[in-house]
Amino acid sequence: MTWPINPNRFQSLEQPPAAVDRGRAYHFVWIDGQLAGRMEAGQLRPLTGEDLRWLDLEVEFDHYLGEYEDGRSCFVQRATGSLGPDAVLMDLRGWLGRVDADLFYLAGRSQQISSWDFSHRFCGICGDAMKPHASERARTCACGKYTVYPNLAPSIIVLVVRGNDMLLARNANWPNGMYSTLAGFVEPGESIEQTVHREVFEEVGVRVKNLRYKGSQSWPFPNSLMLGFHADYDSGEFVLQEEEIADAQWFSPDDLPLIPPKTAISRWLIDDFLAGR
């Protein structure tokens, strides 16, 4: 499977270089849960340090992420204040499809780190304020009993196939006509493979076999790490989990419904199956 992500475009680092170029750097600035950016020649991009010089912002959180291609430093910030007419503000889903995939996932990384920092300002054991760890991307408490790292929620996503047909379902909260693969979160004590079997049976009432791991994707809504599989249909008839699944059907490659865009791992799983037929 060909993934639309270049692993060499971003290097995660915990400490900025001694002579960091703040003016050229990308600054992922979050204001009330929305990401600030700028339109340039019709293209959306993050703010740079040069942009920030002209904005009336008060920064309350400033964290180094690493280096994007060509040594461009990247920071995430939470701020308050006014953006002015030359900047735009939208939630992360608004960036999806407006910037290339690598930059979108970097924006997602910034959101997850900002949210993690905000929700771990105090120690869950003694209640005292936590502070940044001296050498790691973590927060720690002076009591010495609690160090917390950015949290991830592992989940599975699976395309179930039966011959040439694909099992696609529509979530009850999605727009009419949109279908995708099945997905769900890993529960404590489960293996990834157990999660695949359980989630498919819970959501649509069928059993699967021959699981084949295909790849993974970070999905920042809010902090998922999605592990993608193909699986073969084994047995059973559709029994839908009504509170979550509005419809599920077998679709042939020649009669597909509206499916997710190419930035989503669900689409990658579908395209990979079609390419291998």
Side-chain angles (χ1 to χ4, degrees), residues 33-34 90-98 101 104-105 108 111-112 115 119 151-209 211 214-274:
Q34 294 188 304
M90 63 182 74
D91 64 21
L92 186 58
R93 289 188 184 275
W95 286 63
L96 185 59
R98 287 187 169 94
F104 171 76
Y105 292 118
Q111 182 194 51
Q112 293 175 75
S115 297
S119 61
N151 53 304
L152 294 174
S155 61
I156 62 90
I157 184 164
V158 55
L159 176 66
V160 180
V161 299
R162 185 181 65 180
N164 281 331
D165 292 341
M166 293 171 283
L167 196 170
L168 301 176
R170 188 171 72 80
N171 188 287
N173 297 318
W174 291 350
N176 287 334
M178 172 66 78
Y179 284 76
S180 186
T181 51
L182 302 175
F185 290 103
V186 180
E187 292 187 352
E190 278 188 330
S191 69
I192 295 297
E193 293 80 6
Q194 287 173 321
T195 305
V196 174
H197 288 282
R198 176 185 56 78
E199 282 289 342
V200 172
F201 185 74
E202 284 183 357
E203 291 191 352
V204 296
V206 302
R207 301 290 186 183
V208 294
K209 60 184 179 181
L211 274 58
K214 305 300 291 187
S216 63
Q217 179 185 39
S218 173
W219 194 240
F221 301 111
N223 57 350
S224 300
L225 175 61
M226 306 189 76
L227 307 175
F229 290 83
H230 285 175
D232 294 331
Y233 167 81
D234 186 26
S235 62
E237 300 294 334
F238 288 151
V239 179
L240 305 185
Q241 189 177 28
E242 293 182 358
E243 66 275 16
E244 185 168 349
I245 304 298
D247 186 38
Q249 299 182 39
W250 294 104
F251 291 93
S252 72
D254 299 324
D255 187 29
L256 288 178
L258 180 64
I259 57 177
K262 292 182 179 295
T263 48
I265 191 173
S266 53
R267 177 62 175 268
W268 306 347
L269 294 171
I270 293 170
D271 288 347
D272 185 64
F273 173 71
L274 295 175

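Just so you know, these numbers use all the heavy atoms, side chains as well, and skip hydrogens, waters and symmetry mates. The first residue of the sequence shown is numbered 1, and numbering continues consecutively from there.
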Whether the side chain of Asn223 engages the backbone of Asn151 through a donor-acceptor N/O pair (distance < 3.5 Å, no angle test) should be reported.
yes

Could you check if a side-chain atom of Lys214 sits within less than 4.5 angstrom of a side-chain atom of Ile265, using non-hydrogen atoms only?
no

What verdict does the side-chain contact (heavy atoms from CB on, under 4.5 Å) test give for Leu167 and Arg162, after you've listed the backbone C-alpha separation in whole Å, the side-chain angles of each residue and the deciding distance to 0.1 Å?
CA-CA 8 Å; Leu167 196 170; Arg162 185 181 65 180; over 6 Å; no

Taking all non-hydrogen atoms of both residues, which atom of Leu256 and which atom of Phe251 are closest, and how far apart?
CD2-CB, 4.1 Å

Would you find more than 12 non-hydrogen atoms of other residues, nucleotides or ligands less than 6.0 Å from Arg198 atom CZ?
yes

Hey, could you give me the CZ/CG distance between Arg207 and Asp234, rounded to the nearest 0.5 Å?
9.0 Å

For Leu274 and Pro253, which heavy atoms make the closest approach, and how far apart are they?
CD2-CB, 3.6 Å

How far does CZ of Phe229 sit from NE2 of His197, to the nearest 0.5 angstrom?
9.0 Å

Euclidean distance, Gln34 CD relative to Gln111 CD, rounded to 0.5 Å
11.0 Å

Start with the C-alpha gap between Asp272 and His230, add the side-chain angles, then the distance that decides, and say whether side-chain contact (heavy atoms from CB on, under 4.5 Å) holds.
CA-CA 9 Å; Asp272 185 64; His230 285 175; 3.4 Å; yes

Are the side chains of Val204 and Val160 in contact, using a 4.5 Å heavy-atom criterion?
no

Would you mind reporting whether Glu244 and Glu202 have side-chain heavy atoms less than 4.5 Å apart?
no

Do the side chain of Trp219 and the main chain of Leu225 share a donor and acceptor less than 3.5 angstrom apart?
no

Beyond-backbone contact of Pro257 with Leu168, side-chain heavy atoms, under 4.5 angstrom:
yes

Let me confirm one number: the CD1-CG distance from Ile157 to Leu269, rounded to the nearest 0.5 Å.
6.0 Å

Glu187 atom CD, neighbour heavy-atom count above 12 within 6.0 Å
yes

Donor-acceptor pair, Ser224 side chain versus Pro220 backbone, under 3.5 Å?
no

Is the count of non-hydrogen atoms from other residues, nucleotides or ligands lying under 6.0 Å from Glu242 atom CD greater than 12?
no

Minimum-distance pair of heavy atoms, taken over all atoms of Glu203 and Ile245
O-CG1, 3.7 Å

Give the table of side-chain donor-acceptor pairs shorter than 3.5 Å for residues 172-185, with sequence neighbours excluded, one pair per line with atom names and distance.
unit_1	atom_1	unit_2	atom_2	d
Tyr179	OH	Asp247	OD2	2.4
Tyr179	OH	Gln249	NE2	3.4
Ser180	OG	Ser266	OG	3.3

Between Leu92 and Phe104, is a side-chain contact (heavy atoms from CB on, under 4.5 Å) present by the stated rule, with each step listed?
CA-CA 8 Å; Leu92 186 58; Phe104 171 76; 3.9 Å; yes

Distance from Leu159 atom CG to Arg267 atom CZ, nearest 0.5 Å?
12.5 Å

Supply the atom-to-atom distance Gln194 CD to Ile156 CD1, rounded to the nearest 0.5 angstrom.
12.5 Å

Given the rule in the side-chain contact (heavy atoms from CB on, under 4.5 Å) test, do Phe273 and Val161 qualify, once you have shown the distances and angles that lead to the verdict?
CA-CA 9 Å; Phe273 173 71; Val161 299; 3.7 Å; yes

